[in-house]
Amino acid sequence: MGLRIYNTLTRQKEPFEPLTPGQVGMYACGITAYDLSHIGHARSALVFDVIRRYFEFNGYRVVFVRNFTDVDDKIIKRAEQEGGSVGEVSERYIAEFQKDMESLGVLPADVEPKATEYIPQMIALIERLLGRGFAYVVNGDVYFEVGRFPHYGRLSGKNLDELLAGARVEVDERKRDPHDFALWKSTKPGEPSWESPWGPGRPGWHIECSAMSMEHLGESFDIHGGGEDLIFPHHDCEIAQSEAATDKPFVRYWIHNGFVQIHQEKMSKSLGNFFTVRDIFEKSPYGVQVTAEALRYFLLTTHYRSPLDFSDDALWESKRALDRFYGLFQRLDESSGAKGPGDRLLPPLFERLGEAFRQAMDDDFNTPAAFAQLQLLRGELNRLLETGLSKQAREQAREAFRSLGQVLGLCQLSFREWEFGIMHQVHATDAVAAAVEDKVDVRVSKESLTDVEIEQKLAKRNEARRRKDFATADTIRAELASLGITIEDRPDGTSRWKR
RNA sequence: GGCGGCGUAGCCAAGUGGCUAAGGCAGAGGUCUGCAAAACCUUUAUUCCCGGGUUCGAGUCCCGGCGCCGCCUCCA
């Protein structure tokens, strides 16, 4: 059936047909680098990361561009506050963003252009617009004249009359229409500026994405996306500028992700109700990889276009769901020497659930439905494990999760890297609060025993169990439990353990 | 005021005209176990915010309510 994508432009799902067979050009609006990224930024980055991974999973050659806005009012303001230069501020927060994305397992884009490195392209584009009569110059500023572009507002479904009716914009007397937007802003004292045919200044926000995307992907390309708040005015302005300049359709598929909310309210800097990605990692009682996977899982349990309510409880619920996967991976790793009566059932199982997984992802990247297939596969394998699977079959099973999980960036760790402990008895939020309050690093206490020491204690315990000395056995188990180590006894008298 | 979206079990969340409404988390009972843990089995929505309508048939389409959210200004 093939991939179908919900296109904001047409407000319906459409079959995906790339401009060039086998290739995909996609551009995602990245961050304005003036502060640490919050979970909302992470969601957006993750959504496009997964979309990109899924295209690659399907064998497309993808060119993925994600930009950085490194000059704008907020960065300038921040630089004034911090006493640094605009370049220092933006460089710092770009580095922080990249650090956060690496923690989260969001792959770097193929190109990560910065606005200030594309000034010549922007100037060229503005000149084109001036030459074609879509823009005008006023005292060193250049504005795009929205009235000249017949479809302005098509993406957001707005028209100029409606916009005016609800206008909350300050009317700038120099503009011919209140909705005309700046392509080039003349410099003010103390601000960074570049030379241009209209005097020193800096680019408007919208023009940078048009210039950078066309530079790397061409005047028409497949996919452009970002948070849903960018639909208007940002993306409508991009369409207007780009198409006015080229007379070509700018983008074929517009993809927008929904917001992260806190208590049913938009998470945003201006509302002050945000959690940074850094907060999550710092407060987490788990290591980076485990926290990242829990956060990824959480952010993908809701379809990308729906709002997603963030809470600690919901995040750690995702962690618990992942525990079940890694518990299975641990069992799959054990060499029991079983013959494997269930082996022949595996190929059709992988076939069926793998196909269902692809169908889910094909349906506008329906990650929640795709998760359901992985969970079904988990259940089936747990059952088959009881009937018996050969070592080879178990390796294939693990590989199936690795392969499908690759698309979502999940299930890639070894079970020894996963951390099961700590949250089993204690409520997640309490544990986090306790850890923060007591300044106790929970991870330290969990790692206070080496694998060898654990094995030694287990050997002592199982020796006691053989003597039916259950008091001693239970004492050892309690001791390990207090260190965040869980014991699971096997039927044959041996035991496995989890951190 | 204009535009758009959402309302499915205790919680999270798929499903957009047709077999018995996915899946997860949490809960309950059971199997296994010395006891646990894990896993497995059973169990949790005669019903999809409310009221009409279209249809042989609707959670799914239409109309009208109610509630919530977003955009219209920088914003992922």
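Numbered from 1 within each chain, the chains take letters A, B, ... in sequence-line order.
- For A:R461, the side-chain atoms get nearest to B:G34 when compared with the rest of B:G34, B:C69, B:A76.
- Residue contacts for A:E317: at a heavy-atom cut-off of 4.0 Å it reaches a base atom on one of the strands shown.
- Residue A:N366 is classed as a sugar-phosphate contact, given heavy-atom separations below 4.0 Å to backbone atoms only.
- Taking the side chain of A:A473 as heavy atoms from C-beta on, and the options B:G34, B:C11, B:A14, the nearest nucleotide is B:G34.
- No contact: A:S37 has no heavy atom under 4.0 Å from any strand.
- Close placement of the A:F221 and A:F250 rings is indicated, their centers lying within 6.0 Å of each other.
- When heavy atoms are screened at a 4.0 angstrom cut-off, A:R331 is found touching the sugar-phosphate backbone but no base atom.
- Contacts of A:Q261 with the nucleic acid, taken as non-hydrogen atoms under 4.0 Å apart, involve only primed sugar atoms and P, OP1 or OP2.
- The nucleotide whose nearest atom lies closest to any side-chain atom of A:R383 is, among B:C41, B:A14, B:C35, B:C41.
- When distances run from any side-chain atom of A:R477 to the nucleotides B:A13, B:C72, B:A36, the shortest one goes to B:A36.
- For the P atoms, the distance from B:G67 to B:A21 is 31 Å, rounded to whole Å.
- Looking at the side chain of A:N382, the nearest of the listed nucleotides B:A13, B:G23, B:C40 is B:C40.
- The residue A:F371 sits apart from the nucleic acid: no heavy atom pair falls under 4.0 Å.
- Side-chain contact, A:Y326 with A:E293: a donor N or O sits under 3.5 Å from an acceptor N or O.
- A donor-acceptor pair under 3.5 Å is formed between the side chain of A:R296 and the backbone N or O of A:G105.
- Both tests pass for A:R416 against the ring of A:W497: distance under 6.0 Å to the centre and angle within 45° of the axis.
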